[in-house]
Amino acid sequence: MNKLSIIVPCYNEEDVISLFYQETHKAVTAIEDLDYEFIFIDDGSKDHTLDLLRVLCYQDKNCHYLSFSRNFGKEAAMYAGLEHSCGNYCVIMDADLQHPPTLLPPMYQAVNQEGYDCCAGKRMGRDGDGPLRGFLSRSFYKVIQKMTHMDMSDGAGDFRMMSRNMVDAILQMKEYNRYTKGIFSFVGFETKWLEFQNIQRAAGTSKWNLGSLFSYAFEGILSFSTAPLKLPGILGAFLLLLSFLLGGFGLVQQFLFHHKIGILYCVSNIVIFFSSLQMLMIFILGEYLSKDYLENKNRPIYIVREQDAKPATSNVYDITPIRRNAI
Ligand code: UDP
Ligand code: MG
């Protein structure tokens, strides 16, 4: 019988974890002839997520959890989940029910019967994201597609069901600075896309703010494109031309019109302009160097502190859903 591993990264998800389990359990058990396992990854949560996972995994033998020694980030959690999975298919799902469990049966049909290696959800719309985040995300995906020439479109997230073949290919990519959307695209494989409407998380709050989204976007570009390294060359050529033009302009001001202020103005502007660009270029080089530095250290992607332990008292925590914003 086929087995599906459901991988769920969780960071401070005490409000929604049991509701997620109930809804997803309902959807997966409705699929005929399919064994399943849940692999929850507690990514260093500071709330009662781990307590709830202990109880859940104690009550259902198909549930397993790993708990990290600290917050390593969703990328590390997904990697850990895939590494600990044993199903011949794996699906990655957010704990907040923004990835509808109702898509599991059509996804399974695609990978099991239609010959696809991967069936991925494509989120349509950005309800609940706010206009600024929506605009920035759309712009980022346009830029990254151009820079990397890889298929990383807006809405194509981590919610996908994959064959063991594809999972093994992903696990071969052991880089420390992980950008899984790029990794999915890099490994290739035949993918079917299923569109779904974006919904607000069922409970709890998003772990992303504008700053972390910016650094995630930057991470994506640095991990899969070396185009920024060409910037110094392009800008250098442009600035050489500009400096000739400004120098010429200064000389004309000086000798034809005897305007001393003109040349001073030009020189100070050029100095500021050039030094800021040099700083920017050094920053880009530094970013690539720092990534390389971390890769060379060969640090573990995650560290597990606890795995599938028995709860101390299984009746202390009530695992019935606490609240639900909207589904
Ligand atoms: N997550 C995680 N580690 C983190 C941040 C998030 O494991 O450091 C998990 C989180 O619990 C959720 C999923 O990643 O299951 C997506 O996070 P979130 O809903 O905050 O992201 P958004 O949907 O706002 O992009
Ligand atoms: Mg979410």
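For ligands, and for the atoms within them, numbers begin at 1 and follow the listed sequence.
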| task | Please determine if A95 has a nitrogen or oxygen closer than 3.5 Å to a nitrogen or oxygen of ligand 1. | result | yes
| task | Using distance alone, decide if ligand 1 has a nitrogen or oxygen within less than 3.5 Å of any nitrogen or oxygen in P9. | result | yes
| task | Below 4.0 angstrom from a heavy atom of D43, which ligand 1 atoms are there? Numbered from 1 as shown, please. | result | 2 (C), 3 (N), 4 (C), 7 (O), 8 (O)
| Is it true that a side-chain atom of R305 and a backbone atom of G44 form a donor plus acceptor pair closer than 3.5 Å? | no
| query | Between E75 and T180, is any side-chain donor less than 3.5 angstrom from a side-chain acceptor? | reply | yes
| query | What N/O/S atom of D96 is the closest to the Mg ion (ligand 2)? | reply | OD2
| task | Ignoring hydrogens and angles, tell me if any N or O in the side chain of D43 forms a donor-acceptor pair with the backbone of G73 under 3.5 Å. | result | yes
| Does the side chain of Q113 reach to within under 4.5 Å of the side chain of Y108, using non-hydrogen atoms? | no
| task | Test K74 against D94 for salt bridge (charged side-chain N to carboxylate O under 4.0 Å, His left out), laying out the working first. | result | CA-CA 10 Å; K74 186 185 174 189; D94 284 359; 2.9 Å; yes
| For ligand 1, which atoms have a heavy atom of C10 less than 4.0 angstrom away? | 7 (O), 11 (O)
| Main-chain N/O of A80 paired to H84 side chain as donor or acceptor, under 3.5 Å | yes
| message | Taking 4.0 angstrom as the limit and counting only heavy atoms of D96, give me the atoms of ligand 1 inside it, by number and element. | response | 19 (O), 23 (O)
| query | Backbone, side chain, both or neither: what part of N71 comes under 4.0 angstrom of ligand 1, heavy atoms only? | reply | side chain
| said: Show the atoms of ligand 1 that are less than 4.0 angstrom away from any heavy atom in G73. | reply: 3 (N), 8 (O)
| request: Any atoms of ligand 1 less than 4.0 Å from a non-hydrogen atom of E13? List them with their elements. | output: 10 (C), 11 (O), 12 (C), 15 (O)
| task | Quick one: sort the F159 and H99 rings into parallel, tilted or perpendicular, breaks at 30° and 60°. | result | parallel
